[in-house]
Amino acid sequence: MSRSAHPAGPRHGDVLPEGHYTPPPSDLNSLDPRVWAQTVERTAEGALSVGGVDVRRLAEEFGTPAYVMDENDFRARCRAWREAFGPDADVFYAGKAFLSRAVVRWLHEEGLNLDVCSGGELATALAAGMPPERIALHGNNKSMEEITRAVEAGVGRIVVDSFQEIARVAHVARRLGRRQPVQIRVTVGVEAHTHEFIATAHEDQKFGLALAGGQAAEAVRRVLGLESLELTGIHSHIGSQIFDMAGFEVSARRVVGLLTEVRDEHGVELPEIDLGGGLGIAYTSEDDPREPHEIAKALGDIVTRECEAAGLAVPRLSVEPGRAIVGPTAFTLYEVGTVKELEGLRTYVSVDGGMSDNIRTALYDAEYSVTLASRASDAEPMLSRVVGKHCESGDIVVRDAFLPADLAPGDLLAVPATGAYCRSMASNYNHALRPPVIAVRDGEARTIVRRETEEDLLRLDVG
Ligand code: LLP
């Protein structure tokens, strides 16, 4: 009995089981340009192509699962951010979203700077030739080794996050005979409207030094008193996957407030402020993200207004988008292994990856969309849950999605907007082999991060 003849599970228009559904598009084959990389399209044959390359060819040549990244889209987004902020601001790409040598080269060529938050990210940035003065080092517990490597390399900025770290960076810089530029990470006390685990500006959490209660002002005193540190500015990052500009505006206002206090107390005008990253992207058609030029205008206006009111020279602004640059540029390509219909509930579609290549659904209840990628179909929409092959029922890639009812093993599915925080948070759970990242551009596809092998796993296992 074919599923299309006897569709199991609810259809669009039925009373659906509990959950949050992005309504099925009127045509399941259509692609919403907000969630797909720029060059993705459905060809006349019905399959998706990206950068002029058919996904069936990608699956054949590189295997599945695979992250497929649209290089031209990545570069275009870099340029859009650079142009939106202009020559008086700096855009630091947040490497934690996804970092590889190729990405570092693209950033370099497109005139972006790079925020790294670990020795590993720093090593990747340096190995790929990012000029050290365009690198900022972050982290709430940088090791002495990481600090030493960063100061030795001559990174342009270390963002200090605690009193202990101020002393550590000062010590390392003194020992190496350097004067290290630093910014102080502050918590401005705003509740960003996002998942608790990715909100970082309320006071009860591990990052930064609070403006309220004077910790941040005390940090300024300490840094200014240390010869081997050069205090260049104040840093605030309020959280991630945020759509509402209000939190950024409060943050900008409070950071400028601290600059004013610093001027009044020390007679020093700090030349920089960094308002962090965190701008949301569209994972489904229901998300409506702001464009870089709107963000640049909103932030630029508020900083200028507040500085003018306080009689301060407008400092050089920087921002640190990660997700907003790389997120939409990639999709994950999976092959369907099994299709299991649960009468009256939904259909479980198992793919050849799962929580090891995308932990975001399990960790943050993230919502994704999905499409049949290897062919078009005009079958009925079927309420589906796309799950992985791991030994947990929470191993969900897309919680609720409509897929065509004639879906079958061997079909390819593509989950868009997986460029950020998917490969970079991938794990070897169940000894899964982490998928490759394939960059596609102008009709050509190449591996930029190769697929892990069983030999890679066994190489670490030295017992
Ligand atoms: N700057 C700082 C200091 C950060 O901590 C972060 C992200 C960013 C910039 C970049 O934020 P973005 O523009 O990418 O939102 N794993 C979570 C996100 C954690 C973000 C951590 N910090 C997720 O998958 O949603």
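Note that ligands are numbered from 1 as they come in the structure, with each ligand's atoms numbered from 1 the same way. Since this is a predicted model, take the numbers as computed values, not measurements.
Of the polar atoms of Gly322, at least one N or O is found under 3.5 Å from an N or O of ligand 1, judged by distance alone. Checked by distance only, ligand 1 and Gly278 come closer than 3.5 Å through their nitrogen or oxygen atoms. Considering backbone and side-chain N/O atoms, Arg185 never comes within less than 3.5 Å of an N/O atom of ligand 1.
If you number the atoms of ligand 1 from 1 as listed, the ones under 4.0 Å from a heavy atom of Pro321 come out as 13 (O). Each of the following atoms of ligand 1 lies closer than 4.0 Å to a heavy atom of Ala94: 8 (C), 9 (C), 10 (C). Annotation for ligand 1: atoms under 4.0 Å from non-hydrogen atoms of Asp115 are 1 (N), 9 (C). Taking every heavy atom of Met425 and a limit of under 4.0 angstrom, the matching atoms of ligand 1 come to 16 (N), 24 (O).
Contact annotation for Glu320 and ligand 1: heavy atoms of both the backbone and the side chain come within less than 4.0 Å of the ligand. When heavy-atom distances to ligand 1 are checked against a 4.0 Å cut-off, His237 comes that close only through its side chain, counted from C-beta outward. Both the backbone and the side chain of Ser240 come within 4.0 Å of ligand 1, judged by heavy-atom distances. Contact annotation: for Val159 versus ligand 1, there are no heavy atoms closer than 4.0 Å. With a 4.0 Å cut-off on non-hydrogen atoms, Phe207 does not touch ligand 1 at all.
In summary, the side chains of Asp456 and Thr453 do present a donor paired with an acceptor at a separation below 3.5 Å, with no hydrogens or angles considered.
Residue pairs meeting the side-chain hydrogen bond (donor to acceptor under 3.5 Å, both in side chains) criterion with at least one partner in residues 91-100, sequence neighbours excluded, are absent.
Looking at heavy atoms from C-beta onward, His108 lies in side-chain contact with Pro131 at the 4.5 angstrom threshold. Side-chain contact check for Ile281 versus Gln241: some heavy-atom pair is nearer than 4.5 Å.
The backbone N or O of Gly156 lies less than 3.5 Å from no partner atom in the side chain of Arg134, so there is not a single donor-acceptor pair.
Of the candidates Lys96, His235, His138, it is Lys96 that places a heavy atom closest to atom 4 (C) of ligand 1.
Within the structure, ligand 1 lacks Ala420 among the residues with a heavy atom less than 4.0 angstrom away. For the pair Ala324 and ligand 1, no heavy-atom separation below 4.0 Å is found.
If you run side-chain contact (heavy atoms from CB on, under 4.5 Å) between Val182 and each of Val160, Thr232, Ile166, Leu226, only Val160 comes through. With respect to Leu211, the side-chain contact (heavy atoms from CB on, under 4.5 Å) criterion is satisfied by exactly one of Val255, Val186, Thr187: Val186.
Because its NZ or CZ atom is both nearer than 6.0 Å to the ring centre of Phe163 and within 45° of the ring axis, Arg222 counts as a cation-pi partner of that residue.
Applying the ring-ring contact (aromatic ring centres under 6.0 Å, His included) criterion to Tyr334, with sequence neighbours excluded, gives no partner residue.
By the 4.0 Å N-to-carboxylate-O rule, Arg105 lies too far from Glu109 to be salt-bridged with it.
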